[in-house]
Each structure stands twice: as C-alpha cells, then as structure tokens.
Enquirer: 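Questions regarding the structure given below will be posed in turn.
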Amino acid sequence: MSAPSAPAEPDVPEPLAALVERSRRIGADPRLVLHGGGNTSAKGTLTDHLGREQQVLWVKGSGSDMGTSVARDYPALRLAELTALADVEEMTDEEMVAFVARALVDPTSPRPSIETLLHAFVPRAHIDHVHADSICALTNHAEGRRVVAEVLGDGYAYVDWVMPGFDLAKVVGRLAHHEGVVLANHGLFCWSDDSDDCYRRTVDAVAKADQHIAATGTSTRGARRVGDLDAEHHERMLVNLRGALSARRHKVLLVDDRLRDIADRPDVEVVVEAGVSSADHMLRIKPWSAVVADPTEPEAVRAAVAAYVDRYTAYFERHRDEVPPGHDMHDPTPTVVLVPGLGAVVAGPDRATARVAADVADATHHVAATVADSFGTPVPLSEDAIFRFDYWPLELYKLTLRPPPEPLAGRVVAITGAASGIGREVAKRLAAAGASVVLADVDGAGLVATGAEIDEAGGPSPAILVGDQSDPDVVAATVSTAVRTFGGLDGIVANAGIAVTGRLDEITLDEWDRALRINLTSAFLLTRAALPVLEEQGLGGSLVYIASKNAFGPGAGFGAYSVSKAGMVQLMRIAALEGGPHGIRANAVNPDAVFQGSRLWDGGLREERAEAHGIEPEALEDFYKDRNLLRRSVTADDVADTVVHLFGDASSRTTGAVVPVDGGVASAFPR
Ligand code: ZN
C-alpha cells in the first residue's frame, strides 16, 4: 500500500524525518491502525533553543493520526529525564503525565502519547506500536500465548493485559531484549535501530499472523445468511432505533453493511460478548455492541436498546465508587447495533463521526469472529479492566477539553426550496448549528451548490433530493431520504414556493392552482408525510413553515400568493393542534421582502410590485426597507436565525405561533 508522502519540512532532524515517513506508511494501512490509534517513536539528537545538543525521544502526540502526520505531531522530550524514571517503583497516571510534560523540549508541543515512557524505556532508536487486527485475533482467547509463540516464534514476548501507563512501560522496558512484544487485547510493539527495519518487522509480524489465520480458519467476511430486511421494515426499524438511542441526546444513524456477515451469524451474541478487540476501541464504540433479535418488530428494536441501557447502568453502578469526582455515567445507549439482514447501525452526532465508529466496529467484531472461527470462544477483558479503561481519568480529562457539542448536533431536518434564497441560508445555518439536513428542490444544481457551501463550512454533510415537492411521491422520497441517510427526522422547513402575480379578475385558473399547489399543497404533503415518522420515533419535533408578511398584510395584484401563504399559516395551526400531544411543535415565520439570493423576484415580480407601488424596479428594495418600522432591510440570514431558534430547546414551549421577520410592518399586525 502506498502512503501519501509527507510534505517537505525544513530543518527536521534525520531520525524525525524517518519517523514521520514511516508513521505515514503505517497510518495509511487500516490493518495496522485506525483513526489515531497506535503510536511510534524515534530517538536522536536535537539542538535546542540555546544551541545545546540534547538526546531526545520524538513520540507521537496523543490522538493525532499517523496517516496524515507531520513533524510537529511528534513532540521531542529530553530522554534522560524520562529514563530516570525507570528505577521508580510506582507512579500514578497524573504524576506520570506531569513528569512527562516537564521533559518536553518545547512546552507548546502537542500532548505526548500516554505510552511515552514505554518508548523511552526501550533503548532502541525506532519503535512502532500498532493495534493490528490479526495480532489481536492471535491473542484474544485462552490459547493466546501458545498461538503467538507458534506464529511469531520465541523472539516475541507475550504480555497479558496490563493497563497502558507507568506499569505497562516498566513491564515492556524489561522485555527490550526481545524482538518485540505482543500485548493481549491490545496490540504489538516492534523496534529496531533502523527505521525501515522497524517498519519491516511490524508488517512481517502482522503478515505472519494473517497467514496463520488464513490457514486455520474460514473467513466468512461478506457472507449473508439472512434475507435482506425489506424496505418498509428497514425504515421503521431505523425510526424506532433512533427514538430509543436518542433518549439522552439526539443522534443520527449510519447503516454500514460491512458487518452484515457478523449480524447474520447464528452466534452473533458470542461475537458481541467478546467486546472490543483492542481496548482503545471502546473509546469509540463503548465496551459492547447491541444486537436486535427481530428487526421487523418495533418492540424488539426498542427492547434491545432498553436491555443494553439496563446492563450498562448496572455495570456502572457496580463500579460507581471508582469514578473520579466530577464525572458521571457516559450515555448508556449503545453506539453500535447489529441488525440481521442489514448490518451495523452506528449512532453519532453526525455521519462522519458515526463512520469512524463504524470503521472501528468493523475491525473489532471481525477480530472476534476470526477468533471464534479459528481458535474457539473469544476471551474478553475482565469487567474491572473494562471499567478502568472506560472511565480512565486521562481519557475523561480529554473529554473535558473537547468543545461542547453544537446545539443541534444529531438533529435531522428536511428543507424544501433549499437551492436558493431563504431555503439555502436556512440549510446553512441549521448545519452550522450541527443539524444534519436533507436538501430538497427542483433545482439539482442549486442543491449541489448549497451542499458544497455546507461541506466547505465543515457542517455535517447533507443529503440531497431533487424533485417537485407538490408531487406526493417526491415528498415521500424526501422523508425516506432523511430516514435512510440519518435514521429519522426531527422536523421540516416548508419553504418551497413561487410568486404568482395578477389581479383576481385576470389570473387564470391554472396560475391559481399552480400557486396553491407549489406553495401550500406541498407544505401539506410534507406535513402529512413527516407526522407519522415523528410520532413513531417518539422524540417530538419541530415543523417550520416559511409563510409571508402577506399572510396578514396582503397586496392587491398578489392574490394567489397571499392566499397560499395565509393557508400555510392555518395549516401550521392545525399541525400544532394535531402534533401537540406528541410533542411536535409547529410554527410559521413571516418574512417580508427578502432579496438576498432569492429567485422569487425573477420573472417579472420585481417589475410588477414596483409598478403596484408606483416606483422604479431598482428602487424596490429601498422602498420595502423604508416601509417597515425599523427601516431595515430583511435578509435571508435574519429568517434563518429565527428558524434555528424554532428548532432549538430555547423555543421548546412555543407552538402555533407566527414569528414576523419583516422589520415591523404595521399593516400586517394580526387583527
Ligand atoms: Zn496501544
């Protein structure tokens, strides 16, 4: 496998340059490490800020991804200050971390790996540590020690599970005369005084493990033993699962069929009970995954989550007094749920995060299946060891450094008319607040452009649906897209609309019908399609209707439009009445005269409204601005801010309301 080459960096000492290059090769191979797992180091000489020559250890910074790493990701530490600790009897994690921090050559470096001392205690110039799947498959069963000796020979030492930190560093430091060390339920350490040789030893050991497994077991990867879950049950299952998984915090769900063979196994429970293959994985996917016995039964889907929550809560209670002060139970719902006939369903605040967890679950459960098929029943870590890792103070501390989740993280909203104008700004603002959005419009190119703006801003990647929202099939597909892409739906923004002008004595029936169909009937259809999903999911929801100042303050010559928007306000009120018992809120936003990015004014509307007001077309924006009480023009951003508010907890007691965003138009005050 070829790794992307590291960008050229000036003044990088040779051992560090070799370390970066080797680490990028390791990081590019998912059989060796996944998403920031593992660590590597090099030792050498560095000239410090005072011009002194220092013997240093460069070691990977905590959490950085080897595959894309650069020299800056490998902080330098004064080696003598680390090796001085080899004679110390014991040390707490906190003491060790404080000591290691003091040995940094540059105090502004990234936090060095928790396994820094281990790298210091082994007196070799280059060290690799990987969480390779095939190594974990050799170890995670009763005969691990014997199998490792058989496959890798006597050169490799074998260490039963020891929590990473000072104790593990001392244990492995004493084994430095071996070729490397295999750690049960964890991974592999290899070392050499030559960087390329170090890499070669790592991949050789992993290749030997792979060959042994291929020779002893029969790989079932990709096998399907159960029929596909049909479309209707697929969506109902997701909606119920999302409802159960989002009890504490909203989540989106990602369906991943790489674990279909595991989910379909008759002994799927045995595989899941093995827990994670390398302890590190539980930080991404919790100690265990859940299994849905019968995905065609909503009760069974919810029961699987409830049983997991009970189990996790009981496990937490058994160890509660070991939790550091100031920390409480993690979210007790599973991150990964295996579903026969489908694969894995993975929960997260957005699809990108769920995708990382899915990669880890794919590795971890396939290791357990390999163990079961090649060596017998997998042996998991003890519950005490799991809890110590699950609530490891150093990891809990890292959690406190993370920024708080975005206010709408894990929420799913479908927005119609999202290709331009208000719809585009609403979509961007909801995504910026963390929501996963479905963008719908007849204008596919416009949707792609909206999606690109969301991606560029770093928001959750949206789903796109092209079609006419006055067509019931397109509306059904919009809701389906939300469920299949994100696991469910938390609300809609009914925004698709057109401007139809003409006095009542001149407008044609076709024009009238078209205005009502696109502006009003589409909103009804979307409401009708969304309500059953929101009700079945059981998380409440928010329906937002982009009406118009015209609903309360109509204009002559603008009848069909004004009637459609007044109808929309009444539709909103009925939705509020009917949705209320299910916690579903419905509100309307009445903007006035939004020009920013809007296509509403194209096709003659600007000229007609200007004529109606007796002004030149180019004076229309200023005319509207000067007409309102605040003398301010109204932008799509202003509307979007109000829509975001209507999806947030700050509006949780507001339903059946009309929020004007019009600068204050007295003629549109309700009466
Ligand atoms: Zn490790």
Enquirer: Sequence neighbours excluded, which residues qualify as side-chain contact (heavy atoms from CB on, under 4.5 Å) partners of A205?
Expert: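 Partners of A205 under the side-chain contact (heavy atoms from CB on, under 4.5 Å) test: L152, Y156, L188.
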Enquirer: Please list, one pair per line, the donor and acceptor atoms closer than 3.5 Å that link side chains of residues 529-539 to other protein atoms, with sequence neighbours excluded.
Expert:
| unit_1 | atom_1 | unit_2 | atom_2 | d |
| --- | --- | --- | --- | --- |
| E536 | OE1 | R236 | NE | 3.2 |
| E536 | OE2 | R236 | NE | 2.9 |
| E536 | OE2 | R236 | NH2 | 3.0 |
| E536 | OE2 | N240 | ND2 | 2.8 |
| Q537 | OE1 | R242 | NH1 | 2.8 |
| Q537 | OE1 | L489 | N | 3.2 |
| Q537 | NE2 | L489 | O | 2.6 |

Enquirer: Among all residues two or more places apart in sequence or in another chain, which pass the side-chain contact (heavy atoms from CB on, under 4.5 Å) test with E383?
Expert: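 By the side-chain contact (heavy atoms from CB on, under 4.5 Å) rule, E383 matches Y315, R318, H319.
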Enquirer: Looking only at the side chains, is there a donor atom on one of D455 and S461 sitting less than 3.5 Å from an acceptor on the other?
Expert: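 Note: D455 and S461 side chains meet the donor-acceptor criterion.
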Enquirer: Quick check: do H281 and V367 have side-chain heavy atoms less than 4.5 Å from each other?
Expert: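 Heavy-atom side-chain distance check fails, nothing below 4.5 Å.
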Enquirer: So if I apply the side chain to side chain donor-acceptor pair (under 3.5 Å) rule between D261 and each of H365, H366, R225, which one comes out positive?
Expert: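 So, applying the side chain to side chain donor-acceptor pair (under 3.5 Å) to D261 and each of H365, H366, R225, only H366 qualifies.
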Enquirer: Kindly indicate whether a cation-pi arrangement holds for R25 with Y199, taking the cut-offs as under 6.0 Å to the six-membered ring centre and within 45° of the axis.
Expert: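 That pair qualifies as a cation-pi contact.
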Enquirer: With the side chain counted from C-beta on, respond yes when T313 and M329 share a heavy-atom pair under 4.5 Å apart, and no when they do not.
Expert: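 Counting from C-beta outward, T313 and M329 do come under 4.5 Å.
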Enquirer: Side chains of I584 and E578: does their closest heavy-atom pair fall under 4.5 Å?
Expert: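 Heavy-atom side-chain distance check fails, nothing below 4.5 Å.
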Enquirer: State, with a plain yes or no, whether a side-chain heavy atom of D210 is found less than 4.5 Å away from one of R31.
Expert: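 SC-SC contact between D210 and R31 confirmed.
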Enquirer: In this structure, are over 12 heavy atoms from other groups packed under 6.0 Å from D649 atom CG?
Expert: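 Atom CG in D649 is not crowded, with 12 or fewer foreign heavy atoms closer than 6.0 Å.
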Enquirer: Can a donor-acceptor pair be found between the side chains of S62 and K398 at a distance below 3.5 Å?
Expert: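 Yes.
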Enquirer: Could you check whether S278 and D280, counting side-chain N and O atoms only, form a donor-acceptor pair closer than 3.5 Å?
Expert: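 On atom types as modelled, these side chains do not qualify, holding no pair under 3.5 Å.
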Enquirer: Without swapping roles, check the side chain of N140 against the backbone of N185 for a donor-acceptor pair under 3.5 Å.
Expert: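 Confirmed, N140 side chain pairs with N185 backbone.
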Enquirer: Can you list everything that forms a side-chain hydrogen bond (donor to acceptor under 3.5 Å, both in side chains) with D294? Sequence neighbours excluded, please.
Expert: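 If we apply the side-chain hydrogen bond (donor to acceptor under 3.5 Å, both in side chains) test to D294, skipping adjacent residues, the hits are T296.
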Enquirer: Parallel, tilted or perpendicular: which one describes the rings of Y308 and Y312, with boundaries at 30° and 60°?
Expert: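 Parallel: the ring planes of Y308 and Y312 meet at under 30°.
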Enquirer: Would you check if there is a donor-acceptor pair between the side chains of S382 and D384 at a distance under 3.5 Å?
Expert: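 Their side chains do not contain a donor-acceptor pair, so the 3.5 Å distance test is not met.
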Enquirer: Using side-chain heavy atoms (C-beta onward) and a distance below 4.5 Å, is N495 in contact with V426?
Expert: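 SC-SC contact between N495 and V426 ruled out.
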Enquirer: Only distances under 3.5 Å count here; give the side-chain donor-acceptor pairs of residues 335-348 to other protein atoms, sequence neighbours excluded, each with its distance to 0.1 Å.
Expert:
| unit_1 | atom_1 | unit_2 | atom_2 | d |
| --- | --- | --- | --- | --- |
| T335 | OG1 | K286 | NZ | 3.4 |

Enquirer: For H141, what residues pass the ring-ring contact (aromatic ring centres under 6.0 Å, His included) criterion, not counting sequence neighbours?
Expert: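 Counting only residues at least two positions away or on another chain, H141 forms a ring-ring contact (aromatic ring centres under 6.0 Å, His included) with F375.
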Enquirer: Tell me, do R265 and D373 make a side-chain contact under 4.5 Å, heavy atoms counted?
Expert: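 Yes. Closest side-chain heavy atoms under 4.5 Å.
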Enquirer: F316 vs F387 aromatic rings, parallel, tilted or perpendicular, using cut-offs 30° and 60°?
Expert: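 It falls in the tilted class, 30° to 60°.
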